[in-house]
There are 2 protein chains.
Amino acid sequence: MSEAKTDLRVLRTRKLIMDSFINLSGQKEFRDITVKDITEEAMINRATFYYHFEDIHDLLEKALSEVLLINLSADQFDGRTLDEQSITDMFLAITEFQQSLSNRCHRGYEETIARIIREQLETVIFQLLANGQEEKDFKEQGLKILSNMLAWGLYGASDQWKKYHFDEKPEGYIQSVIPYLVKLVKE
Amino acid sequence: MSEAKTDLRVLRTRKLIMDSFINLSGQKEFRDITVKDITEEAMINRATFYYHFEDIHDLLEKALSEVLLINLSADQFDGRTLDEQSITDMFLAITEFQQSLSNRCHRGYEETIARIIREQLETVIFQLLANGQEEKDFKEQGLKILSNMLAWGLYGASDQWKKYHFDEKPEGYIQSVIPYLVKLVKE
DNA sequence: TTAAATGTGTCGGATATACAACAGATTCAA
DNA sequence: TTGAATCTGTTGTATATCCGACACATTTAA
């Protein structure tokens with residue numbers, strides 16, 4: 001409802017911090033990136049960093065979430081529903097995201113990254129499911145459970161692909177997984 | 001003497017403005033770039049622009065000067081003198097700079113660009129000449145006149161090259177000009 | 001082990017920047 | 001031509017950010 005435009009300085013500073021972090025993560029592992037590194041690259045004061053983020057782990061969560069969400073929402077959000085096409089698009093977004101990160105390997109953060117991916121997936125999937133619902137028989141509780149399961153399943157598929165089918169094209173691999181995911185949706 | 005470090009915000013804002021301007025000038029002609037364009041791209045308030053620059057023409061001068069100076073000083077400054085090699089390097093810096101601009105043609109600004117190039121050249125050449133001087137027989141007056149003439153001459157050469165010898169390699173063309181320039185230095 | 005160096009997180013006071021509003025200039029279509 | 005729209009500079013007030021300093025943790029080297 002109330003829009004409450006946020007101060008341009010805030011938007012700019014957050015962007016500078018996020019961009020710097022993403023940029024640095026292409027050169028170093030997460031564990032080696034310090035707050036000082038980021039603020040120097042972003043040309044902002046260290047104190048300002050703490051005005052916007054609790055600590056560097058908080059930034060990591062938010063930055064990765066945002067990057068992944070941009071990968072996803074560029075296609076999905078506007079009124080589409082959960083079907084073979086949208087599942088494929090999401091799968092590609094995940095694998096691209098994974099690859100953009102694992103150019104550098106980020107030891108010790110595998111679980112964190114996995115959780116972020118699932119969380120973002122769940123958000124998007126829930127939206128897709130809601131778009132496919134009639135107004136009347138809208139069951140939020142059920143959709144939450146379902147989108148949670150689908151998110152785990154889809155992430156799991158990307159994990160399998162990375163481990164055992166890295167040589168295949170992801171577009172092809174996901175086709176063989178889709179039937180099982182669809183089975184969850186149809187009843 | 002007194003160093004008086006400048007506020008990080010100032011450095012950052014100037015950089016954002018300059019970068020945005022350079023970036024925009026790759027998409028539009030100078031005449032079509034508004035202050036609003038720049039401040040939106042830079043994510044700063046329009047009033048802040050006027051805190052740092054008199055107007056857009058002031059920015060143009062300073063931005064181009066800086067870009068060109070970076071092209072030049074990366075090589076020259078540290079203790080070199082004016083010789084065939086440094087003349088060649090300067091000539092290449094000019095032609096590269098010209099080409100980076102004339103991807104878009106900037107009608108109505110040819111004279112301004114020419115003047116900026118000569119001014120920056122003069123600064124660098126003066127430094128090179130001073131480096132080659134003995135402490136004792138240091139004649140500032142004479143060096144100023146000489147560096148001014150050399151700057152005009154070198155710019156003129158780049159202009160001739162652009163008009164009539166654009167197909168030749170600039171490294172080659174400048175070789176045939178160097179003798180005349182050197183004649184001014186030797187006595 | 002110790003000590004020096006570097007990083008973290010927080011504070012109060014100074015200031016560059018955002019915002020909103022303004023009058024005047026310029027552009028542009030009707 | 002006229003008027004609507006956009007751009008240019010400028011101003012006063014609110015605030016996000018800077019700076020310097022601090023105590024405490026962590027890393028590094030001797």
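It should be emphasised that the depicted structure is a prediction, and the values quoted were computed from it without experimental measurement. Naming: A, B, ... by sequence-line order, numbering from 1 per chain.
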Inset, instruction - For B/Asp7 and D/dC18, give me the distance from atom CG to atom P, rounded to whole Å. - result: 8 Å

Inset, instruction - Rounded off to whole Å, could you give me the CG-to-C1' distance for the B/Leu11 and D/dC18 pair? - result: 12 Å

Inset, instruction - Please confirm whether any donor atom in the side chain of A/Arg9 sits under 3.5 Å from an acceptor in the base of D/dT17, or the reverse. - result: no

Inset, instruction - Could you check how far OH of A/Tyr50 sits from C1' of D/dC22, rounded to whole Å? - result: 14 Å

Inset, instruction - Report whether B/Met149 and B/Leu128 are members of the same hydrophobic cluster (ILVMFWY, side-chain heavy atoms less than 4.5 Å apart, transitive linking). - result: yes

Legend entry - Side-chain donor-acceptor pair present, A/Asp83, A/Ser86, cut-off under 3.5 Å: yes

Inset, instruction - Could you say whether A/Leu8 or A/Arg46 is positioned toward the 5' end of DNA chain C, judged by the nucleotide with the nearest heavy atom to each? - result: A/Arg46

Legend entry - Hphob cluster co-occupancy, B/Ile87 + B/Leu129, side-chain heavy atoms under 4.5 angstrom: yes

Inset, instruction - Would you kindly give the CZ-to-P distance between B/Phe49 and D/dC7, to the nearest whole Å? - result: 14 Å

Inset, instruction - Group every Ile, Leu, Val, Met, Phe, Trp and Tyr by side-chain heavy-atom contacts under 4.5 Å, then state whether A/Val124 and A/Leu184 land in the same group. - result: yes

Inset, instruction - Determine whether the side chains of B/Glu96 and B/Asn71 contain a donor N or O and an acceptor N or O closer than 3.5 Å. - result: no

Legend entry - Base-pair map of DNA chain D as dot-bracket, where | denotes pairing with a different strand and pairs are Watson-Crick or G-U under 3.5 Å: ||||||||||||||||||||||||||||||

Inset, instruction - Run the ring-centre check on B/Phe166 versus B/Tyr173 and record whether the distance is less than 6.0 Å. - result: no

Inset, instruction - Find the distance B/Tyr51:OH to D/dT11:C1' and express it as a whole number of Å. - result: 15 Å

Inset, instruction - Describe the nucleic acid contact of B/Arg12 in one word from base, sugar-phosphate, nothing, applying a heavy-atom distance below 4.0 Å. - result: sugar-phosphate

Legend entry - Between B/Thr34 and B/Asp37, a side-chain donor and acceptor under 3.5 Å: yes

Inset, instruction - Could you check if a side-chain atom of A/Leu59 sits within less than 4.5 angstrom of a side-chain atom of A/Phe49, using non-hydrogen atoms only? - result: yes

Legend entry - A/Lys36 with A/Glu40: basic N within carboxylate O range, under 4.0 Å: yes

Legend entry - Side-chain heavy-atom pair A/Leu101, A/Leu64 within 4.5 angstrom cut-off: yes

Legend entry - Nucleic acid contacts of residues 21-45 of chain B, taken as heavy-atom distances under 4.0 Å to DNA chain C: B/Met43, B/Ile44, B/Asn45

Legend entry - Heavy-atom contact window of chain A on DNA chain C, given 5' to 3' at under 4.0 Å: C/dG7 to C/dC19

Legend entry - Short N-O contact, B/Glu66 and B/Lys62, less than 4.0 angstrom: no

